[in-house]
Amino acid sequence: MCSPSTKIMASHTSHPRAFSSGDGRTTTPIESFSSEGNDYEEQFPPLGISKNKSGKGSGPSMVDLGSTNLSTTSKSSQRIQEEAKGPTVEVGTGTCSKHKGNGSRKSTNLSTPNNSSQFQSWTSGKDAMSLNRNFEPKNKDKGPRRRLVLPHDIYAPVEKRNHITNFSTPSQRSKSRNWTIRKDDLSLKRNQGYLGRKNRDQSPKRRQELPFDICFRRNDRRITDDFVEEEANGEETEQIVELSNKHRVLRPGMVLLKHFLTHDAQVDIVKTCRELGVEPKGFYRPGYGDGSKLRLQMMCLGRNWDPQTKYGINIEKDSEPPKIPEMFGLLVEQAIREAQALIDSVSGKEDAESELPMMSPDICIVNFYTETGRLGLHQDRDESRESMKKGLPIVSFSIGDSAEFLYGEERDVEKAERVKLESGDVLIFGGESRMIFHGVKSIKPNSAPICLLHDSKLRTGRLNLTFRHF
Ligand SMILES: O=C(O)CCC(=O)C(=O)O
Ligand SMILES: [Fe+2]
């Protein structure tokens, strides 16, 4: 039984700087987009320390894309109240098909996706049906790639999460260990510490070489009520929670689709990313020439990108990355269409395309943040000049733990707006908002839907996919 995740976990505090600034950033062809220091340098100092990097004489950081005079931002709480009055669209909530409960945030039909109903179960969008025609039915277990990667499927038993499996005593738990280790997995398990302490190579170097596994294994996580603590900042959170199931236009060209990705879509995305991520071209921790590292794991699809080498050749990972799965691209287009529909309904016109153009992604950057992960304020400005000038949007999927996402006209944490990105949310920023500064201030531990964790085995943390067109 999967119980709903109804309570909010203790809010986390800001963490100390994760990495220092480096000077290894390569020059991009579009110098007008430059700001100082590493793009992803930590801007979230320990509490009480204010750090403003915007006043270093770098001038306006937003590029003029035609009419880029973004409206003045207000304090986040005011903003939230204003947004509460503003035009929004309610989206459905549902329950987990396999684990009955109220807490799952996925939308409507969650039965196993197949044939023409599959796409509907992937999005909460109204016109999902229109994409069915284009969608290849998926057979979950028989696809060639799945057969290929199944040997690496070493998902752990779930008995650690007592309230899901109802195995309350240690003996019951040990009896429930019906998971098996296939022979094919032996080499991977050896690398990942499955064969007992004496066989493990625990040197940090060794561990670093292995691709990061976004799914959990034994002892990685206990999801019990022990984790449920009082929300320290109740008032603020209530305001955010109140709005958490409404689509919103955050600013011109920037739309938040709440819980757009259904449970099934999220599970499939996790599993796909996990399969690709444990391969040699999978997750790694990107960094700069000076040795500083981003506080996340990253993997590229479609085209390689790295904070150091940008879209140039990455010395360590110079081979072609995996293709973007077709379904991901369809979801992106569906999300943009949904956002355009919202923009039209708000403006009363039918010219959303001019505010938020359609985009067909050829790059997907997949990030995984652990509980202490974060990403400094930055612009996504390494795509082609044409793409940026057209304002082709960045489309961002959030899965797993919630994130405190900051965005603003300047690279200034103090002035930035803030929004909570929850599992299933899709954030889109294009048009006037294409060059907006944005970053992830913190991850809210244990905030992911329980059913998602159960069905996907996603480990503690947040999976984020940002789609772009080069
Ligand atoms: O994780 C997120 O929500 C943002 C990721 C991002 O900005 C990026 O990958 O460029
Ligand atoms: Fe970004």
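Note that ligands are numbered from 1 as they come in the structure, with each ligand's atoms numbered from 1 the same way.
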### Query
Considering all heavy atoms of both residues, which atom of Leu453 and which atom of Ala448 are nearest to each other, and what is their separation?
CD2-CB, 3.8 Å
### Query
So which heavy atom in the protein is nearest atom 5 (C) of ligand 1, and how far is it from that ligand atom?
Asn464 OD1, 3.4 Å
### Message
Is the distance from the ring center of Phe397 to that of Phe260 below 6.0 Å?
### Response
no
### Query
What protein heavy atom sits nearest atom 1 (O) of ligand 1, and how far off is it?
Tyr369 OH, 2.5 Å
### Query
Checking salt bridge (charged side-chain N to carboxylate O under 4.0 Å, His left out) against Asp380, which of Arg434, Arg468, Lys310 comes through?
Arg468
## Note on the structure
Nearest non-hydrogen protein atom to atom 6 (C) of ligand 1, with distance, is Leu375 CD2, 3.5 Å
### Query
Within 45° of the axis and under 6.0 Å from the centre of the six-membered ring of Phe212, does NZ or CZ of Arg285 qualify?
no
### Contact atoms of ligand 1, heavy-atom distance to His378 under 4.0 Å
6 (C), 7 (O), 8 (C), 10 (O)
### Task
Give the numbers and elements of all ligand 1 atoms closer than 4.0 Å to a heavy atom of Asp380.
10 (O)
### Query
Are the charged groups of Lys271 and Glu275 less than 4.0 angstrom apart, N to O?
no
#### Entry: Residues that Tyr369 engages under ring pair (Phe, Tyr, Trp, His ring centres under 6.0 Å), provided they are two or more places apart
none
#### Entry: Opening angle at the Fe ion (ligand 2) [NE2, His378; NE2, His438; to 10 degrees]
90°
### Message
For Phe429 and Phe405, take the angle between the two ring planes, folded into 0 to 90°, and tell me which bin it lands in: parallel under 30, tilted 30 to 60, perpendicular over 60.
### Response
tilted
### Task
Determine whether any heavy atom of Arg468 lies closer than 4.0 Å to an atom of ligand 1.
yes
### Query
Can you tell me the protein heavy atom closest to atom 9 (O) of ligand 1 and the distance?
Asn367 ND2, 2.9 Å
### Residues Glu404, Lys420; criterion side chain to side chain contact (heavy atoms under 4.5 Å, CB included); working and verdict
CA-CA 5 Å; Glu404 189 181 358; Lys420 182 161 78 166; over 6 Å; no
### Message
At less than 4.0 angstrom from any non-hydrogen atom of Val440, what atoms of ligand 1 do you find?
### Response
1 (O), 2 (C), 3 (O)
### Query
What protein heavy atom is closest to atom 3 (O) of ligand 1, reported as residue, atom name and distance in Å?
Arg462 NH2, 2.8 Å
### Task
Write the atom name of the N, O or S atom in Asp380 that is nearest the Fe ion (ligand 2).
OD1
### Query
Can Met298 be said to touch ligand 1, with heavy atoms closer than 4.0 Å?
no
